[in-house]
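Comments concern the structure below.
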Amino acid sequence: AQTVTQSQPEMSVQEAETVTLSCTYDTSESDYYLFWYKQPPSRQMILVIRQEAYKQQNATENRFSVNFQKAAKSFSLKISDSQLGDAAMYFCAYRSTYGGSQGNLIFGKGTKLSVKP
Amino acid sequence: KAGVTQTPRYLIKTRGQQVTLSCSPISGHRSVSWYQQTPGQGLQFLFEYFSETQRNKGNFPGRFSGRQFSNSRSEMNVSTLELGDSALYLCASSLDLYTGELFFGEGSRLTVL
């Protein structure tokens, strides 16, 4: 079974600085999706960025980028120029692309990010 | 395009009662899945529906059930409520079972007294 581990329960960053959130996962599959989701205090889970395992190029979305290391099974999220609105819980998630029964998201425990003005 | 809509947003029940939660997916999305979120257990997968059929189920007791209608709307039901069922229930939709990301609703906050 696949697992996702986020080893940093809480992190803090100064506004305008850069922060990196860590995520490792375990799988025997060769093709899958990885995601970072953000859940602000208002609760709605929002997709931040996605990575397809077969793509070697790291995904980037504006101030958000990932460092995807497939062999190491590592998927970190870098937030540049941090803003107050980035404060939230961040979840790393895995989704299989294989046919079969397991197409659901597998989440890490989350990292609570605080942004200091 | 409207997002995923969940109703009700908040509800309070007592032990032994049952509850039904509703989810309307994004238009065109055929897969709907449900997750339970609690401070202790985090986000746990309940079940996933596609074309009115349950395709995938998490490790929850039979008190938790769901269904999907022909318009892709989904409901989940919890019978004989227990205190431990208090949680945020999140619905998510996606185009299909294995492609791309899931889009989440705001959730239904269930409190069991």
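Naming: A, B, ... by sequence-line order, numbering from 1 per chain.
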Report task. Report the distance from atom CZ of A:R95 to atom OG of B:S33, rounding to the nearest 0.5 Å. Result -> 7.0 Å
Query raised in the report: Between B:F104 and A:Q44, which heavy-atom pair has the shortest distance, and what is it?
Result: O-NE2, 2.9 Å
**Report entry** Where A:N104 and B:E48 come nearest, the two heavy atoms and their spacing
**Finding:** N-OE1, 4.0 Å
Requested in this report: Give a yes or no on whether B:L90 and B:F60 share a hydrophobic cluster (residues Ile, Leu, Val, Met, Phe, Trp, Tyr; joining criterion: side-chain heavy atoms under 4.5 Å apart).
Outcome: no
Requested in this report: Check whether A:Y32 gets within reach of chain B through its side chain, its backbone, both or neither, counting any heavy atom under 4.5 Å.
Outcome: neither
Query raised in the report: So with a 6.0 Å cut-off around CG of B:N59, is the heavy-atom count from everything else above 12?
Result: no
Query raised in the report: Is a side-chain donor or acceptor of B:Y35 paired with a backbone partner of A:L105 at a separation under 3.5 angstrom?
Result: yes
Query raised in the report: Does A:R63 CZ have over 12 foreign heavy atoms under 6.0 Å away?
Result: yes
Query raised in the report: For B:F47, is it the side chain, the backbone, both, or neither that has a heavy atom closer than 4.5 Å to a heavy atom of chain A?
Result: neither
Requested in this report: Tell me, for B:Q44 versus chain A, whether the close heavy atoms (under 4.5 Å) come from the side chain, the backbone, both or neither.
Outcome: neither
Report task. Please answer: with hydrophobic residues joined when any side-chain heavy atoms are less than 4.5 Å apart, are B:L102 and A:F91 in the same cluster? Result -> yes
Query - Within one Ile-Leu-Val-Met-Phe-Trp-Tyr cluster: B:V32 and B:F64, side-chain cutoff 4.5 Å - result: yes
Report task. List the steps and the verdict of ring-ring contact (aromatic ring centres under 6.0 Å, His included) for A:F107 and B:F45. Result -> CA-CA 9 Å; A:F107 287 95; B:F45 170 70; over 10 Å; no
Requested in this report: Just do the side chain to side chain contact (heavy atoms under 4.5 Å, CB included) check on B:F103 and A:I46 with the steps written out, would you?
Outcome: CA-CA 7 Å; B:F103 295 87; A:I46 302 166; over 6 Å; no
Query raised in the report: Say you draw a straight line from CG of B:L43 to CE of A:M45; how long is it, rounded to the nearest 0.5 Å?
Result: 4.5 Å
Query raised in the report: Near A:K78 NZ, under 6.0 Å, is it more than 12 heavy atoms from other residues, nucleotides or ligands?
Result: no
Query raised in the report: Mind checking whether A:I79 and A:L84 sit in one hydrophobic cluster, side chains of I, L, V, M, F, W, Y counted as touching below 4.5 Å?
Result: yes
Report summary line: Tightest non-hydrogen contact, residues A:Q39 and B:L88, listed as NE2-CD2, 4.1 Å
Requested in this report: Report whether A:L21 and A:F35 are members of the same hydrophobic cluster (ILVMFWY, side-chain heavy atoms less than 4.5 Å apart, transitive linking).
Outcome: no
Report summary line: Looking only at heavy atoms, the pair that brings A:K109 and B:G40 closest together is NZ-O, 4.0 Å
